[in-house]
Visitor: 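Let me begin by handing over the structure; questions about it come next.
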Amino acid sequence: MKRLFPDYTYGPGPRTNCWWDETIASPDWPVAQGDLSVDVAIVGGGFTGVSAALHLSEAGVAVAVLEAGTPGWGASGRNGGFCCLGGSKLSPGAMVRQFGKAAAQDYAQAEEDAVHLVSDLLGAHNIDADVHSKGETQLAHTARAMEKLRRAADASGTLHEPGDLPGLGFGGGFHGGYTNPLGFAVNPRKYLFGLAEAARSRGAKLFQSSAVETIGHTKSGFDVQTRLGRVKAAKVLICTNGYSSEDVPRWMSGRYMPAQSTVLVTRPLSDSELQAQGWTTDQMSYDTRNLLHYFRLMPDRRFLFGMRGGLWSSPRAEAAIRRKAVQDFRQMFPHWAGVEVTNMWSGMVCLSRNLTPYVGPIAGQPGLFAGFAYHGNGVAMGTYCGRALARMALGQEAGLPGPIAHPPGRIPFGRWRRVLMPPAYAVMALADI
């Protein structure tokens with residue numbers, strides 16, 4: 001496999017000390033060995049791959065999921081657990097200009113459907129994923145950002161003026177906010193493992209430590225090779241997102257951009273500490289920065305705080321971004337400056353040149369499909385796109401809006417495309433001032 005980042009990125013370093021690992025034990029999936037024949041092989045065992053496996057197995061299809069790491073090792077097992085609207089980085093206006101008003105409306109509906117799908121799956125399969133928060137609140141980090149929230153406020157949500165925030169439990173020097181009623185927070189690892197168990201109980205075969213090395217064509221479909229095994233399948237789904245490879249398959253090369261997100265979790269906070277900061281709500285929230293911060297008080301009273309901004313991947317770079325995350329946390333919530341941060345880790349989200357997710361066929365290779373680029377909103381959108389991939393593998397109409405079905409172009413500079421990120425982040429940081 002040819003990966004875009006250094007080997008360190010795909011090893012244990014960035015993931016070390018992930019809080020979610022302490023909340024639920026990892027299932028013991030076997031390693032793929034020998035020969036296996038299935039209807040559909042799925043590369044990647046995160047939200048997308050496991051959702052596809054569940055929906056296919058419910059239809060009676062023989063499925064094998066091939067996960068390169070251990071269960072929950074990738075982004076699906078180390079994200080912030082925000083099940084909310086999102087998936088695209090295009091503004092509503094840009095979406096309309098690029099795809100038209102009807103397609104933009106269809107896309108907005110897809111984001112809502114994605115959140116509802118997760119809710120339905122949690123209920124249908126009795127998954128206890130520590131659900132909390134009624135919607136999601138965006139908090140203005142400047143007065144100018146609050147003016148933008150006022151202009152963009154939709155009647156379906158609730159606008160909060162600065163004076164409203166203390167009474168709502170949002171203490172942090174924000175300039176107002178806006179709450180969208182759709183969405184909720186989850187423990188992503190519990191959600192993922194719940195989906196996986198539902199798929200396994202319906203016949204899906206789930207394998208760990210089984211990185212796919214090559215995908216070859218055969219007369220009947222595909223020959224998927226791992227280090228110790230070979231899976232023959234009529235169809236293959238690529239569900240690797242920010243942990244994709246440049247050559248499995250080669251079509252992926254240049255069509256995705258991994259970007260780092262870093263998360264910390266504190267020890268449980270006492271009532272007096274919560275009152276001192278004025279943060280008493282369990283509402284999942286994020287600020288109006290382009291290089292955003294996202295945060296929430298979890299049911300056990302630990303505080304989760306995450307941020308974008310990491311550009312490099314090495315032991316030194318990881319230490320630096322973790323210091324930056326702690327610094328930003330303490331600046332935004334000064335009354336917790338002395339609170340111990342017990343856990344911190346990093347992972348990769350995935351962007352596309354189109355700034356929209358993609359689900360669909362890989363050109364020139366009938367039976368090979370891909371789903372990726374959720375732009376940091378994979379809990380809902382990854383689940384939704386996994387279901388769409390399952391429908392495609394079944395030969396059904398996927399019901400996707402145009403922006404998701406539109407194939408992504410290649411990002412300039414190919415293997416060296418990461419050079420685009422530092423200037424882009426610099427521009428975004430200036431805009432956040």
Side-chain angles (χ1 to χ4, degrees), residues 1-5 9-10 40-53 55 65-69 73-79 86-90 107 110-111 114 117 188 192 211-212 215 224 235-261 347-363 365 367-393 398 400-411 414-415 417-418 421:
M1 283 191 292
K2 296 180 181 178
R3 256 47 188 283
L4 195 62
F5 274 76
T9 310
Y10 309 100
V40 181
I42 299 173
V43 184
F47 295 133
T48 308
V50 171
S51 173
H55 288 94
V65 175
L66 301 167
E67 166 58 42
W73 180 88
S76 297
R78 61 172 106 173
N79 65 85
S88 168
K89 280 297 181 183
L90 288 179
Y107 177 80
E111 287 194 350
L117 175 60
L192 176 66
V212 172
I215 301 174
V224 183
K235 296 175 182 178
V236 176
L237 310 181
I238 306 298
C239 305
T240 45
N241 205 39
Y243 291 86
S244 293
S245 166
E246 294 287 278
D247 60 348
V248 183
R250 293 190 183 280
W251 179 90
M252 289 294 297
S253 178
R255 299 184 193 273
Y256 66 99
M257 177 74 86
Q260 185 168 296
S261 194
M348 293 293 176
V349 299
C350 184
L351 293 70
S352 72
R353 182 173 183 173
N354 298 9
L355 299 182
T356 57
Y358 175 66
V359 176
I362 290 178
Q365 301 189 61
L368 190 58
F369 303 87
F372 61 97
Y374 312 130
H375 300 90
N377 287 276
V379 177
M381 190 54 69
T383 304
Y384 173 88
C385 290
R387 182 182 66 178
L389 284 168
R391 289 173 174 174
M392 289 181 176
L400 291 171
I404 296 180
H406 186 74
R410 293 188 187 277
I411 300 167
R415 287 278 294 165
R417 61 190 180 274
R418 286 174 57 202
M421 297 301 284

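The residues of the chain are indexed from 1 along the displayed sequence.
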Visitor: Check step by step if side chain to side chain contact (heavy atoms under 4.5 Å, CB included) holds for M392 and L400.
Guide: CA-CA 10 Å; M392 289 181 176; L400 291 171; 3.5 Å; yes
Visitor: Kindly say whether P403 contributes a backbone atom to a donor-acceptor pair with the side chain of T356 at under 3.5 angstrom?
Guide: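 Yes, T356 side chain to P403 backbone: donor-acceptor pair under 3.5 Å.
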Visitor: Could you please spell out the steps behind the side chain to side chain contact (heavy atoms under 4.5 Å, CB included) verdict for M348 and F5?
Guide: CA-CA 10 Å; M348 293 293 176; F5 274 76; 3.7 Å; yes
Visitor: From C239 SG over to E67 CD, what is the distance, rounded to the nearest 0.5 angstrom?
Guide: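 Separation between the atoms: 11.0 Å.
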Visitor: Would you say R415's side chain and G254's backbone share a donor-acceptor pair under 3.5 angstrom?
Guide: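 Flag not set: sc R415 to bb G254 has no pair under 3.5 Å.
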Visitor: Show your reasoning for whether side chain to side chain contact (heavy atoms under 4.5 Å, CB included) applies to T9 and Q260.
Guide: CA-CA 10 Å; T9 310; Q260 185 168 296; over 6 Å; no
Visitor: Not counting sequence neighbours, which residues clear salt bridge (Lys or Arg N to Asp or Glu O under 4.0 Å) with E111? List them please.
Guide: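 Scan of E111 (salt bridge (Lys or Arg N to Asp or Glu O under 4.0 Å), adjacent residues dropped) gives none.
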Visitor: Going by ring-ring contact (aromatic ring centres under 6.0 Å, His included), Y243 matches just one of F372, W73, Y256. Which one?
Guide: W73
Visitor: Going by salt bridge (Lys or Arg N to Asp or Glu O under 4.0 Å), name the residues that satisfy it together with R353, two or more places apart in sequence or in a different chain.
Guide: none
Visitor: Do any pairs count as a side-chain hydrogen bond (donor to acceptor under 3.5 Å, both in side chains) and have a residue in residues 371-383, sequence neighbours left out, and if so which ones?
Guide: T48-Y374, Y191-T383
Visitor: Does CZ in R410 sit with more than 12 non-hydrogen atoms of other residues, nucleotides or ligands closer than 6.0 Å?
Guide: yes
Visitor: To the nearest 0.5 angstrom, please state how far the CD1 atom of I215 sits from the CD1 atom of I362.
Guide: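 One gets 7.5 Å once the value is rounded to the nearest 0.5 Å.
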